[in-house]
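All residue numbers refer to positions in the sequence shown, counting from 1. Hydrogens, waters and symmetry mates play no part in the numbers below; they use all other heavy atoms, side chains included.
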Amino acid sequence: MPLTPAHAAAAWPLSRLMQHASTVIGFAAVTVWGWRWIRRQPAAARAYRSGEAHRAARTVAILLGVGAAGACLNGLRGASRGFAAVPGYAAVGGMAAPAVALLVFGFAVRQQRIPETG
C-alpha cells in the first residue's frame with residue numbers, strides 16, 4: 001500500500017498516468033471551449049422564452065430517467081455473469097439508453113418542425 005502520493009505514482013506505469021492526465025486535460029479543454037462558445041452567443045439566444053424552461057427541464061428529466069432505467073435494466077442483464085459484471089453492464093446501459101432516447105427525441109422534434117408540403 002503506497003504511503004505517499006509519490007509512492008502511488010511510482011506504483012502506476014507511465015502509460016496509465018498519461019492516460020489519466022490526458023483525460024483530465026481533454027475534459028478541461030472541452031469545458032473551456034464550451035464555456036467560451038456559450039459566452040460568445042448573444043444574450044437573447046441564451047434566454048428562455050415563456051414556457052421553454054419548463055419544457056427543457058422536463059426533457060432533461062426524461063433523458064436522465066431513461067439513462068437510469070437503461071443502467072438498471074442492462075445491469076440486471078449482466079447479473080447472470082456475476083456481481084462483478086453488473087457495474088460494467090450498467091455503465092453501458094446508462095450511456096446507450098440516453099443516446100438512443102436523444103436520437104429518437106431529435107427525430108420527433110424534427111418531424112414537428114418540418115412543414116408538410118403537398
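Through side-chain heavy atoms spaced under 4.5 Å, either directly or across other Ile, Leu, Val, Met, Phe, Trp or Tyr residues, Val66 is tied to Ile62. Cluster partners of Phe107, by chain and number: Leu103. The rule joins Ile, Leu, Val, Met, Phe, Trp and Tyr whenever side-chain heavy atoms lie under 4.5 Å apart.
Applying the side chain to side chain donor-acceptor pair (under 3.5 Å) test to every pair with at least one member in residues 67-77, sequence neighbours left out, gives these pairs: Asn74-Arg77.
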List the atom pairs, with distances to 0.1 Å, where a side-chain N or O of residues 14-24 and a protein N or O form a donor-acceptor pair under 3.5 Å, not counting sequence neighbours.
from	atom 1	to	atom 2	distance (Å)
Ser22	OG	Met18	O	3.3
Ser22	OG	Gln19	O	2.9
Thr23	OG1	Gln19	O	2.9

Got a list of side-chain donor-acceptor pairs under 3.5 Å for residues 81-99, not counting sequence neighbours?
from	atom 1	to	atom 2	distance (Å)
Arg81	NE	Tyr89	OH	2.9

List the atom pairs, donor and acceptor, that lie under 3.5 Å between side-chain atoms in residues 27-41 and the rest of the protein, sequence neighbours left out.
from	atom 1	to	atom 2	distance (Å)
Thr31	OG1	Phe27	O	2.7
Gln41	NE2	Trp37	O	3.1

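Atoms CZ and CG, on Phe105 and Leu63 in that order, are 7.0 Å from each other to the nearest 0.5 Å.
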